[in-house]
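What follows is a single structure, written as structure tokens, with notes after it.
Just so it is clear, the values below take in all heavy atoms, side chains as well, and ignore hydrogens, waters and symmetry mates. In this text the structure is predicted, and so the values were computed from the model without any measurement.
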Amino acid sequence: MKKNPFGKEGDFITAPNITRLFSEMIAIWVLTFWKSIGSPKKFNLLELGAGNGEMMKVIIETLKNFSGCFNNCNFQIHEKSELLKKKQQLNLKSEKITWIEDIKVNNSYPTIFVANEFFDALPIKQFFKKKEGWVERFVYLKEENKAEFKEQLTEIKEIEQSLNFEISKDQEIIEYSPSSFDYLKNICDLIKKNNGGILIIDYGYLNFKMHETLQAINNHKYSNVLEDIGDSDITYNINFGLFKKFVDQFNDLNSILTNQKKFLTSMGIVQRAEIISENIPFSKKSDLFYRIRRLIDEKQMGELFKVMLIKKTKNQFKIGFEID
């Protein structure tokens with residue numbers, strides 16, 4: 001909240017800041033998904049947590065080439081950080097965008113939500129299975145700068161009742177974000193009611209068995225979660241199996257999933273890079289492909305990052321999610 005976590009001066013670099021081609025692929029995906037919901041005359045494109053505004057900027061620039069989609073689009077951003085909101089407004093000052101506080105207080109237009117590295121930033125709860133039962137882990141601030149973990153016995157069944165599914169089944173560790181489920185519930189309700197979908201891009205894993213993934217990053221290096229509180233970026237890995245189970249509660253919605261490598265390559269990022277690089281010097285060409293490799297290499301972001309689409313079941317759309 002108090003500083004810009006992105007870029008060389010921050011704690012980490014996100015995909016839109018590695019190369020603009022990432023955001024171009026998202027724009028083309030938005031265009032094709034918009035067509036799949038019947039090319040509505042009015043629709044919202046709502047980005048959740050827009051970072052420094054770079055992705056939205058490139059999406060708008062790209063969609064300007066497709067006037068039918070662009071003219072019908074109501075561009076929106078949902079951002080909690082006042083500091084980042086100011087950065088976005090500066091970066092997007094020449095564009096027509098609405099910043100919204102509450103995603104529910106919207107309009108009745110279909111909405112395409114885009115969430116790139118949004119859900120991993122939301123606070124989580126952690127539970128551990130012990131002989132005496134389930135315990136919840138808390139951070140205890142003994143003094144302002146001295147934090148430690150404390151554990152407390154908890155009634156897991158009460159939590160499962162509020163979630164509406166058995167989260168503890170076959171688990172030794174539970175790690176989930178109540179805020180994520182609040183967002184997902186509101187978004188799924190809006191998709192059911194008004195049509196649309198949500199594209200989620202985040203690092204995470206697929207197997208339903210949960211493990212502890214809480215981590216802190218400070219100046220591009222891993223750091224102790226209990227140290228430098230307020231100066232480190234705290235994050236966790238999304239359990240996409242859990243997200244899928246949550247979405248399965250909604251009868252007329254479904255989710256499809258792939259990894260970032262498959263998504264970006266099927267959207268044509270390599271071909272786009274080849275077209276762009278035809279008339280540029282070799283040094284710029286090698287830099288471009290180095291950046292693309294960072295996004296799609298399985299040892300870098302290609303496998304670690306997953307891409308999920310939640311949509312209406314009757315919409316057979318699969319672009320970006322085709323199985324090999």
Would Glu175 and Gln126 satisfy side chain to side chain donor-acceptor pair (under 3.5 Å), going step by step from the backbone distance to the final call? CA-CA 5 Å; Glu175 191 179 73; Gln126 284 187 325; 2.9 Å; yes
Is there a donor in the side chain of [X] and an acceptor in the side chain of [Y], or the other way round, less than 3.5 Å apart?
X	Y	value
Gln89	Trp99	no
Glu54	Ser23	no
Ser177	Tyr236	no

Hey, is [atom1] on [X] packed in by over 12 heavy atoms from elsewhere, all under 6.0 Å?
X	atom1	answer
Lys193	NZ	no
Glu101	CD	no
Lys64	NZ	yes
Lys245	NZ	yes
Phe149	CZ	yes
Lys185	NZ	no

Checking [X] side chain against [Y] main chain: does a donor-acceptor pair fall under 3.5 Å?
X	Y	result
Gln88	Gly51	yes
Gln316	Ser36	no
Ser255	Ile310	no
Asn186	Tyr183	no
Gln171	Met210	yes
His78	Ile100	yes
Gln152	Phe138	no

Show your working on side chain to side chain contact (heavy atoms under 4.5 Å, CB included) between Glu212 and Arg137 and close with a plain yes or no. CA-CA 12 Å; Glu212 187 184 357; Arg137 178 188 277 178; 2.9 Å; yes
Linked, directly or transitively: [X] and [Y] (ILVMFWY side chains, under 4.5 Å):
X	Y	value
Phe165	Leu184	yes
Val58	Val114	no
Leu206	Phe119	yes
Met267	Phe317	yes

Dump the intermediate steps for ring pair (Phe, Tyr, Trp, His ring centres under 6.0 Å) on Phe263 and Phe321, then the final yes or no. CA-CA 6 Å; Phe263 179 80; Phe321 294 85; 5.7 Å; yes
Which pair of heavy atoms, one from [X] and one from [Y], lies closest together, and at what distance?
X	Y	answer
Asp252	Lys192	OD1-CE, 3.2 Å
Ile191	Ile198	CD1-N, 3.9 Å
Asp202	Glu117	OD2-CA, 3.5 Å

Would you call [X]-[Y] a salt bridge at under 4.0 Å N-O?
X	Y	value
Lys261	Glu298	yes
Glu148	Lys150	yes
Lys169	Glu160	no

The single option from Thr213, Thr235, Asn237 passing side chain to side chain donor-acceptor pair (under 3.5 Å) against Tyr203: Thr235
Donor-acceptor pairs are to be reported for all side-chain atoms of residues 300-307 against protein atoms at under 3.5 Å, with residues two or more places apart or in another chain.
unit_1 : atom_1 : unit_2 : atom_2 : d
Glu303 : OE1    : Asn259 : ND2    : 2.8
Lys306 : NZ     : Gly204 : O      : 3.1
Lys306 : NZ     : Glu303 : O      : 2.6

Could you go step by step and tell me if Lys312 and Leu253 meet the side chain to side chain contact (heavy atoms under 4.5 Å, CB included) rule? CA-CA 4 Å; Lys312 285 200 167 182; Leu253 299 184; 4.0 Å; yes
Can you list the steps and then say if Lys85 with Glu82 is a salt bridge (Lys or Arg N to Asp or Glu O under 4.0 Å)? CA-CA 5 Å; Lys85 194 189 282 187; Glu82 284 303 320; 3.5 Å; yes
ILVMFWY clustering at 4.5 Å (side-chain atoms), partners of Phe128: Val135, Leu153, Ile173
Centroid separation under 6.0 Å, is that true for the rings of Trp34 and Phe70? no
On the 0 to 90° scale, with breaks at 30° and 60°, tag the Phe127-Tyr176 ring pair as parallel, tilted or perpendicular. parallel
